[in-house]
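Model, not experiment: these values are computed from the prediction. Throughout, protein chains are lettered first and strands after them, A, B, ... in sequence-line order, and every chain is numbered starting at 1.
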Amino acid sequence: MIDPEELLGWYSVAQRDLPWRRPGVSAWQILVSEFMLQQTPVARVDPIWRDWVARWPTPSATADAGAAAVVRAWGKLGYPRRAKRLHECAEVIATRYDDVVPDDVETLLTLPGIGTYTARAVACFAYRQRVPVVDTNVRRVVARAVHGLPDAGSPSRRDLEDVGALLPDDERAPVFSVAVMELGATVCTARAPRCGVCPLSHCAWRALGFPAGTAAPRRVQKYAGTDRQVRGRLLDVLRASSSPVSRADLDVAWTTDPAQRDRALDSLLVDGLVEQTADGRFALCGEGDPLP
DNA sequence: CAGCCGTGGAG
DNA sequence: TCTCCAAGGCT
């Protein structure tokens with residue numbers, strides 16, 4: 001089980017000083033951090049986020065910057081479609097919600113790039129709502145401490161009910177959620193959990209003697225040689241250039257498999273990350289858009 | 001729902 | 001070197 005007193009006591013002294021957790025950070029800026037943290041480690045997000053919120057503090061500022069500038073500022077955080085969706089999200093909030101980030105989960109779920117986790121994270125961390133927040137860290141901690149399993153199973157709607165039942169009934173709920181995430185990120189880690197410093201004295205996994213379980217080895221995605229790598233190379237070229245680049249300039253970015261290169265470029269066009277200019281060159285989408 | 005979508009640090 | 005994986009979302 002997870003004793004809130006133990007967990008919160010630990011969090012109060014062990015929490016990392018992350019900039020988006022500080023007082024005065026706006027809901028939009030918290031939302032930006034959540035977008036960036038989708039599958040990208042804290043250490044890489046930190047410096048980008050600081051520059052980002054100083055440059056574009058509001059949804060409208062982000063929307064007005066244009067998609068190309070946003071994708072460029074995203075740099076190498078990975079999964080550039082997230083940058084594209086963040087820009088789209090900013091546009092919707094600026095135009096439809098008067099530049100105010102919605103505060104309810106249902107509305108947040110309708111926004112581009114916001115799914116089950118991010119909607120709840122914003123409602124909880126930005127608006128202090130008592131809603132369960134379930135990410136990969138939370139699922140792992142619950143699997144171990146509550147169910148005595150070495151790792152979380154595949155995601156299910158049961159997770160939300162599980163975590164909802166653990167939430168304190170009072171205003172401590174948001175801190176409880178961030179504390180569970182922090183424990184999963186720094187102590188109850190996927191690879192080498194540091195059980196020796198874990199504050200939870202009633203962990204079911206430990207009580208059972210750390211059973212190994214019948215782990216179904218989850219296959220890790222390949223990267224080298226995949227379309228994702230090719231897309232990354234092409235985007236590298238486009239990010240580095242402030243003007244449209246020729247087809248030849250893109251061709252040299254990936255020469256081992258021209259067919260694969262063409263497919264990758266096409267997928268970038270389909271994703272709306274890249275566009276072709278009238279003269280046949282290529283640029284980040286929205287590169288030439290005039291500002292209102 | 002399984003597969004796809006980037007990147008780089010750690011072990 | 002190579003494998004793993006890091007606050008997911010979308011189709």
Side-chain angles (χ1 to χ4, degrees), chain A residues 15-16 18-21 29-49 71 74-86 88-89 108-126 132-142 151-157 159-160 163 174 177-186 188-194 215-239 253-254 260 263-264 266-274:
Chain A
Q15 63 178 287
R16 292 169 293 179
L18 303 180
W20 44 87
R21 288 179 182 166
Q29 293 164 351
I30 289 173
L31 187 157
V32 170
S33 78
E34 295 299 345
F35 264 77
M36 292 181 173
L37 288 164
Q38 293 169 1
Q39 299 285 280
T40 300
V42 165
R44 289 172 53 205
V45 166
D46 192 326
I48 304 290
W49 182 87
V71 169
W74 191 263
K76 310 203 73 168
L77 284 182
Y79 293 138
R81 293 197 298 192
R82 287 185 294 154
K84 175 76 174 174
R85 291 181 189 133
L86 177 55
E88 292 168 357
C89 185
L108 286 163
L109 281 171
T110 68
L111 299 175
I114 295 189
T116 307
Y117 164 75
T118 304
R120 293 170 173 281
V122 170
C124 178
F125 302 140
V133 180
V134 180
D135 74 334
T136 183
N137 288 309
V138 172
R139 297 198 312 110
R140 184 174 54 251
V141 171
V142 170
D151 288 293
S154 46
S156 74
R157 288 161 301 289
D159 298 333
L160 274 183
V163 175
S177 286
V178 74
V180 178
M181 291 172 62
E182 186 79 345
L183 187 71
T186 64
C188 194
T189 54
R191 187 137 36 167
R194 304 162 55 214
R218 56 180 286 261
R219 50 163 49 80
V220 62
Q221 289 186 76
K222 295 300 181 193
Y223 177 63
T226 63
D227 287 5
R228 293 207 325 287
Q229 185 181 25
V230 184
R231 284 165 56 104
R233 293 288 179 82
L234 297 177
L235 224 43
D236 260 346
V237 174
L238 293 163
R239 270 195 302 258
W254 190 264
Q260 184 184 33
R263 184 175 30 174
D266 186 62
S267 75
L268 288 171
L269 291 164
V270 169
D271 284 351
L273 284 165
V274 176

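- Nucleotide C:dC5 holds its P atom 13 Å from the CZ atom of A:Arg139, rounded to whole Å.
- For the pair A:Arg82 (side chain) and A:Gly78 (backbone), a donor-acceptor distance under 3.5 Å is present.
- Taking atom P in both C:dT11 and B:dG6, the straight-line distance is 14 Å, to the nearest Å.
- Among the protein residues, A:Ala121 comes within range of no part of the nucleic acid, since none of its heavy atoms lies under 4.0 Å from any strand.
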Intermediate values then yes/no, side chain to side chain contact (heavy atoms under 4.5 Å, CB included), A:Val134 and A:Thr116: CA-CA 8 Å; A:Val134 180; A:Thr116 307; over 6 Å; no
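- Residue-to-nucleotide proximity on DNA chain C shows that, of A:Leu37 and A:Arg191, the 5′-proximal contact is made by A:Arg191.
- Taking atom NZ of residue A:Lys222 and atom P of nucleotide C:dC4, one finds them 8 Å apart after rounding to whole Å.
- With respect to A:Arg21 and A:Glu182, a salt bridge is recorded, a charged nitrogen being found less than 4.0 Å from a carboxylate O.
- At the heavy-atom level, A:Trp74 lies nowhere under 4.0 Å from the strands shown.
- No donor-acceptor pair under 3.5 Å is formed between the side chain of A:Gln38 and the backbone N or O of A:Thr118.
- Residue contacts for A:Arg120: at a heavy-atom cut-off of 4.0 Å it reaches no nucleic acid atom on any strand shown.
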Stepwise, does the side chain to side chain contact (heavy atoms under 4.5 Å, CB included) test hold for A:Leu37 with A:Val42? CA-CA 7 Å; A:Leu37 288 164; A:Val42 165; 3.9 Å; yes
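- Here A:Ala192 lies out of heavy-atom contact (under 4.0 Å) with every strand.
- Contact annotation for A:Thr136: backbone-only contact, meaning every heavy-atom pair under 4.0 Å involves sugar-phosphate atoms and none involves a base.
- The interatomic distance linking A:Phe35 (CZ) with C:dC10 (C1') rounds to 12 Å, in whole Å.
- Between the C1' atom of C:dA7 and the CG atom of A:Leu183 lies a distance of 14 Å, rounded to the nearest Å.
- Where A:Pro112 and A:Ala190 each meet DNA chain C at their nearest nucleotide, the meeting point lying more 5' is that of A:Ala190.
- Heavy atoms of A:Leu18 sit under 4.0 angstrom from at least one base atom.
- The separation of C:dA7 from B:dC4, taken at their P atoms, amounts to 23 Å, rounded to a whole angstrom.
- Remark: P of C:dA6 and CD of A:Glu34 are 16 Å apart, rounded to the nearest angstrom.
- Salt bridge status for A:Asp227 with A:Arg263: present, with a side-chain N to carboxylate O gap under 4.0 Å.
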Determine whether A:Asp271 and A:Arg231 satisfy the following criterion, salt bridge (charged side-chain N to carboxylate O under 4.0 Å, His left out), listing intermediate values before the conclusion. CA-CA 11 Å; A:Asp271 284 351; A:Arg231 284 165 56 104; 2.8 Å; yes
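- Following rounding to the nearest Å, A:Tyr117 (OH) and C:dC10 (C1') show an atom-to-atom distance of 18 Å.
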Filtered N/O pairs between nucleotides 4-8 of chain B and protein, under 3.5 Å:
unit_1: B:dC5; atom_1: O4'; unit_2: A:Arg81; atom_2: NH2; d: 2.9
unit_1: B:dC5; atom_1: O3'; unit_2: A:Arg231; atom_2: NE; d: 3.4
unit_1: B:dC5; atom_1: O3'; unit_2: A:Arg231; atom_2: NH2; d: 3.2
unit_1: B:dC5; atom_1: N3; unit_2: A:Tyr79; atom_2: OH; d: 3.4
unit_1: B:dC5; atom_1: N4; unit_2: A:Gln221; atom_2: NE2; d: 2.7
unit_1: B:dG6; atom_1: OP2; unit_2: A:Arg231; atom_2: NE; d: 2.1
unit_1: B:dG6; atom_1: OP2; unit_2: A:Arg231; atom_2: NH2; d: 3.4
unit_1: B:dG6; atom_1: O4'; unit_2: A:Tyr79; atom_2: N; d: 2.8
unit_1: B:dG6; atom_1: N7; unit_2: A:Tyr79; atom_2: OH; d: 3.3
unit_1: B:dG6; atom_1: N7; unit_2: A:Arg228; atom_2: NH2; d: 3.4
unit_1: B:dG6; atom_1: O6; unit_2: A:Tyr79; atom_2: OH; d: 3.3
unit_1: B:dG6; atom_1: N1; unit_2: A:Gln39; atom_2: O; d: 3.1
unit_1: B:dG6; atom_1: N2; unit_2: A:Gln39; atom_2: O; d: 3.1
unit_1: B:dG6; atom_1: N2; unit_2: A:Thr40; atom_2: OG1; d: 2.8
unit_1: B:dG6; atom_1: N2; unit_2: A:Leu77; atom_2: O; d: 3.0
unit_1: B:dT7; atom_1: OP2; unit_2: A:Tyr223; atom_2: OH; d: 3.1
unit_1: B:dT7; atom_1: O2; unit_2: A:Arg44; atom_2: NH1; d: 2.6

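- Base contact: A:Arg21 has a heavy atom under 4.0 Å from a base atom.
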